[in-house]
Amino acid sequence: MSSNGMDKQLRAILQKNSLQAAPLLLGWTLVRQTQAGTIKLRIVETEAYHQDDPASHSFRGPTIRTAPMFQAGGRLYIYFTYGRHFCLNIVTGARGRGEAVLIRVAEPIEGIEIIIKNRFGNVKGPSFHNLANGPGKLTQALGIKDTSLSGKKLDLSSIFLEPPQKPVKAQEIVASSRIGIRQATEMPWRFYIKNNPCVSKHPKARHLGL
DNA sequence: CGACCGATTGACT
DNA sequence: GTCAATCGGTCGG
């Protein structure tokens with residue numbers, strides 16, 4: 001950690017545009033401290049959104065809701081959708097750009113009992129890979145029940161990221177079209193870790209890099 | 001102010 | 001595979 005609380009390597013990633021940052025955030029671990037204990041989730045699937053992207057909330061310029069996307073990289077952007085679900089993004093790029101990376105899927109690393117309680121009220125016994133294998137499930141797993149953290153900086157007091165234990169190799173990363181959108185559906189701006197059991201949907205995909 | 005709809009999920013045919 | 005749930009954001013009148 002540097003003096004301002006942000007890992008140097010992470011800051012370099014968050015300064016990049018969302019298309020570059022989205023694959024680089026694979027393998028990083030989301031950490032949230034709750035009253036019940038610490039939750040850690042390793043990111044295995046992301047999607048990039050940006051202002052020149054008709055599928056992006058930032059496409060038509062800033063609004064009250066999307067203002068965090070236009071801040072400098074390193075903040076959270078959380079929105080409510082379909083009358084039910086919250087989705088978590090990491091804002092990237094320079095101030096004014098309107099870029100963010102949607103965190104779609106993560107695998108539980110720590111605090112599994114808390115995650116299960118957040119997801120299922122401590123009743124059911126779901127399989128491991130179902131705990132955070134979708135953006136709405138992921139926020140539920142983290143205990144996010146509102147948008148009050150939207151616009152906040154990645155920070156120990158809310159949510160922060162820990163570096164990968166092992167770097168994710170370029171040949172392990174797959175790019176595909178994004179999920180659940182109706183614009184720019186052909187763009188390969190979704191990224192996930194190949195063969196990860198939490199990643200369930202597999203539209204036509206290709207490996208990143210060479 | 002009314003109408004439309006969504007970066008989803010889970011239940012069901 | 002299809003589809004309802006459910007409500008705030010956004011935009012048009």
Side-chain angles (χ1 to χ4, degrees), chain A residues 14 17-26 30 41 43-71 73 75-93 97-108 115-151 159 174-192 197-205:
Chain A
L14 298 180
N17 68 48
S18 60
L19 264 59
Q20 295 174 298
L24 294 174
L25 287 171
L26 296 173
L30 284 164
L41 292 160
I43 297 169
V44 300
E45 179 179 324
T46 60
E47 285 179 357
Y49 290 85
H50 58 91
Q51 197 172 4
D52 299 319
D53 169 8
S56 174
H57 292 170
S58 59
F59 183 60
R60 295 173 191 275
T63 64
I64 297 293
R65 176 180 64 149
T66 64
M69 288 188 75
F70 292 85
Q71 298 264 33
R75 291 177 188 263
L76 305 172
Y77 168 52
I78 300 171
Y79 65 88
F80 180 63
T81 193
Y82 288 102
R84 304 193 158 206
H85 306 292
F86 296 94
C87 295
L88 173 71
N89 295 253
I90 308 295
V91 177
T92 74
R97 292 287 298 162
E99 311 212 350
V101 175
L102 172 68
I103 311 301
R104 283 192 56 88
V105 178
E107 58 183 11
I115 291 169
I116 291 172
K117 188 175 181 182
N118 285 344
R119 288 269 289 122
F120 301 98
N122 226 4
V123 179
K124 299 180 182 177
S127 63
F128 176 85
H129 71 268
N130 270 342
L131 289 173
N133 62 332
K137 301 178 194 178
L138 182 141
T139 53
Q140 191 179 15
L142 284 169
I144 293 172
K145 301 185 184 69
D146 54 51
T147 59
S148 60
L149 291 180
S150 189
I159 292 170
V174 180
S176 81
S177 54
R178 294 174 294 179
I179 306 292
I181 54 168
R182 304 181 64 153
Q183 305 282 338
T185 54
E186 76 286 5
M187 303 311 293
W189 292 341
R190 170 178 179 251
F191 305 92
Y192 60 87
C198 300
V199 176
S200 54
K201 296 180 179 178
H202 293 272
K204 190 166 70 176

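Per chain, numbering begins at 1; letters A, B, ... match sequence-line order.
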Inset, instruction - Report the C-alpha distance between A/Val44 and A/Cys198 in whole Å, list the side-chain angles of each, state the deciding distance to 0.1 Å, and finish with yes or no for side-chain contact (heavy atoms from CB on, under 4.5 Å). - result: CA-CA 8 Å; A/Val44 300; A/Cys198 300; 4.3 Å; yes
Inset, instruction - Carefully, step by step, assess A/Leu76 and A/Ile159 under the rule side-chain contact (heavy atoms from CB on, under 4.5 Å). - result: CA-CA 9 Å; A/Leu76 305 172; A/Ile159 292 170; 4.3 Å; yes
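Side-chain proximity of A/Lys137 to B/dA7, B/dG10, B/dG6: nearest is B/dG10.
The distance from atom CG of A/Leu88 to atom P of B/dT8 is 14 Å, rounded to the nearest whole Å. The interatomic distance linking A/Leu102 (CG) with B/dG6 (P) rounds to 16 Å, in whole Å. Between A/Asn130 atom CG and B/dT8 atom C1' there is a gap of 14 Å when expressed in whole angstrom units. Atom NE2 in A/His57 sits roughly 7 Å away from atom C1' in B/dG6 (whole-Å rounding). For A/Arg182 and B/dG6, the CZ to C1' distance is 9 Å, given to the nearest whole Å. Straight-line distance from the OH atom of A/Tyr49 to the P atom of B/dA7: 7 Å, rounded to whole Å. Atom CZ in A/Phe191 sits roughly 18 Å away from atom P in B/dA7 (whole-Å rounding). We find that CZ of A/Phe86 is positioned 15 Å from C1' of B/dA7, with the value rounded to whole Å.
Looking at A/Thr66, its side chain does come within 3.5 Å of a backbone N or O of A/Thr63 through a donor-acceptor pair.
Put simply, CD1 on A/Ile179 and CD on A/Glu45 are 6.5 Å apart, with the number rounded to the nearest 0.5 Å. Here A/Leu102 contributes atom CG and A/Ser18 contributes atom OG; the two are 11.0 Å apart, rounded to the nearest 0.5 Å.
Shown for residues 61-69 of chain A: residues whose heavy atoms fall under 4.0 angstrom of DNA chain C, namely A/Thr63, A/Arg65, A/Thr66.
Among all heavy-atom pairs drawn from A/Pro23 and A/Leu19, the shortest one is CD-O, 3.1 Å.
Not a single ring-ring contact (aromatic ring centres under 6.0 Å, His included) links A/Phe191 to another residue, sequence neighbours left out. Here A/His50 pairs with A/Trp189 under the ring-ring contact (aromatic ring centres under 6.0 Å, His included) rule; sequence neighbours left out.
If you take atom C1' in C/dC3 and the same atom in B/dC5, they sit 15 Å apart, rounded to whole Å.
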Enumerate, atom names and distances included, each donor-acceptor pair closer than 3.5 Å involving a side-chain atom of residues 141-149 of chain A, sequence neighbours excluded.
from, atom 1, to, atom 2, distance (Å)
A/Asp146, OD1, A/Ser148, N, 2.9
A/Asp146, OD1, A/Ser148, OG, 2.5

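Checked for salt-bridge contact, A/Asp53 and A/Arg178 meet the test: a charged N lies under 4.0 Å from a carboxylate O.
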Inset, instruction - Kindly express the pairing pattern of DNA chain C in dot-bracket notation, using | wherever a base pairs with another strand and counting only Watson-Crick or G-U pairs under 3.5 Å. - result: |||||.||||||.
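A ring-centre distance under 6.0 Å is found for A/His57 and A/Tyr79.
The nucleotide range of DNA chain C contacted by chain A, defined by atoms under 4.0 angstrom from heavy atoms of the protein and reported 5' to 3', is C/dA5 to C/dC11.
A close approach under 4.0 Å does occur between a side-chain nitrogen or oxygen of A/Arg119 and OP1 or OP2 of B/dG10.
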